[in-house]
Amino acid sequence: LAVTSKNRGGVQGVKNAIETELAELLERRAVKGMAGAKIRVMVVGIPNVGKSTFINSFAGAARAKAADRPGVTRGKQWVTVGNYDLLDVPGVLWKKFDSMEVAGNLAFIGSIKDDVLDIEALATALLGEMQRMYPERLAERYRLTAEELGQDAYDLLETVGRKRGMLMSGGVVNTERAAITLVDEFRGAKLGRVSLERPEEA
Ligand SMILES: Nc1nc2c(ncn2[C@@H]2O[C@H](COP(=O)(O)OP(=O)(O)O)[C@@H](O)[C@H]2O)c(=O)[nH]1
Ligand SMILES: [Mg+2]
């Protein structure tokens with residue numbers, strides 16, 4: 001069962017969707033006098049997508065550890081809420097990415113551990129995508145002139161760092177700090193809501 005815009009409607013919406021999906025099973029259980037048996041739900045998804053947060057809103061309390069980075073949920077954890085047993089699991093990624101574009105997008109949103117990535121390369125690639133797809137957001141957030149906005153992505157990273165006063169001795173821009181800031185702000189939605197991928201046209 002996928003949580004989508006059609007069934008999100010909050011926790012109750014998801015419960016309704018599960019109970020509709022399992023109507024036959026629940027009916028059979030009721031006939032066998034097993035109405036009290038818990039509904040077991042495994043919550044699966046890519047790292048850092050909000051699985052633990054979802055379980056916590058389902059439970060109405062912080063029962064599963066959630067954080068703004070991948071790899072926080074280690075091993076599986078059962079959380080019992082009313083007549084539900086929810087299973088929180090570490091995020092899963094497929095073995096091989098279809099394209100560098102998909103791999104890059106997963107890195108931008110924090111589904112791949114940052115320590116295995118070059119943060120400046122990541123920020124530069126992200127800037128390139130934002131220049132292409134949402135230039136006005138960049139211009140607004142970092143108060144960029146049209147000329148600054150049109151620079152190569154790496155030069156733009158330097159400009160962002162300079163504008164934020166991230167200078168090292170000799171006036172050299174600390175591009176690593178600029179990169180960390182940029183990626184953090186993107187993930188914190190400071191650049192607004194961004195869609196990196198769109199459903200394929202039918
Ligand atoms: N904007 C937004 N952020 C969310 C949502 N759900 C979770 N998050 C944030 O996404 C990050 C990852 O959440 P977490 O539940 O730990 O993801 P998990 O790795 O899939 O278990 C945390 O910083 C959450 O606060 C959501 O619906 N919207
Ligand atoms: Mg988790």
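Being a predicted model, the structure only gives us computed values, none of them experimental. Every number for a ligand or one of its atoms is a count from 1 in the order of the listing. One is the number of the first residue; the rest follow in order along the sequence. These values consider heavy atoms only, across backbone and side chains, with no hydrogens, waters or symmetry-generated copies.
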Where the side chain of S52 meets the backbone of K65, is there a donor-acceptor pair that is under 3.5 Å apart?
yes
Tell me whether S99 contacts the main-chain N or O of V102 through its side chain, where contact means a donor paired with an acceptor under 3.5 Å.
yes
Nearest 0.5 Å, what's the [atom1]-[atom2] distance between [X] and [Y]?
| X | Y | atom1 | atom2 | answer |
| --- | --- | --- | --- | --- |
| W78 | D85 | CH2 | CG | 6.0 Å |
| I119 | R177 | CD1 | CZ | 13.5 Å |
| I55 | K51 | CD1 | NZ | 9.0 Å |
| R40 | T80 | CZ | OG1 | 9.0 Å |
| S169 | N174 | OG | CG | 10.5 Å |

Take the Mg ion (ligand 2) and tell me which protein N, O or S atoms are nearer than 2.8 Å.
S52 OG, T73 OG1
I'd like the name of whichever of T53, N48, V72 reaches closest to atom 7 (C) of ligand 1 through any heavy atom.
T53
So, for [atom], does the protein have a heavy atom nearer than 4.0 Å?
| atom | result |
| --- | --- |
| atom 9 (C) of ligand 1 | no |
| atom 26 (C) of ligand 1 | no |
| atom 14 (P) of ligand 1 | yes |
| atom 5 (C) of ligand 1 | no |
| atom 2 (C) of ligand 1 | no |

Please identify which atoms of ligand 1 are closer than 4.0 Å to at least one heavy atom of A66.
14 (P), 15 (O), 16 (O)
Sidechain N-carboxylate O distance under 4.0 Å for E140, R137
no
Look at R162 together with E148 and state whether they make a salt bridge at an N to O cut-off of under 4.0 Å.
no
Would you say E197 has more than 12 foreign heavy atoms packed within less than 6.0 Å of its CD?
yes
Measure the shortest side-chain to side-chain distance between Y142 and L127 over non-hydrogen atoms and say whether it is less than 4.5 angstrom.
no
With only distance considered, is [X] within less than 3.5 Å of ligand 1 through an N or O on each side?
| X | result |
| --- | --- |
| G50 | yes |
| P47 | no |
| R69 | no |

Heavy atom of A67, distance to ligand 1 below 4.0 Å
yes
Top protein contact for atom 18 (P) of ligand 1, by heavy-atom distance
K51 N, 3.5 Å
Side-chain donor/acceptor pairs under 3.5 Å, residues 30-38, sequence neighbours excluded:
| from | atom 1 | to | atom 2 | distance (Å) |
| --- | --- | --- | --- | --- |
| K38 | NZ | G82 | O | 3.1 |

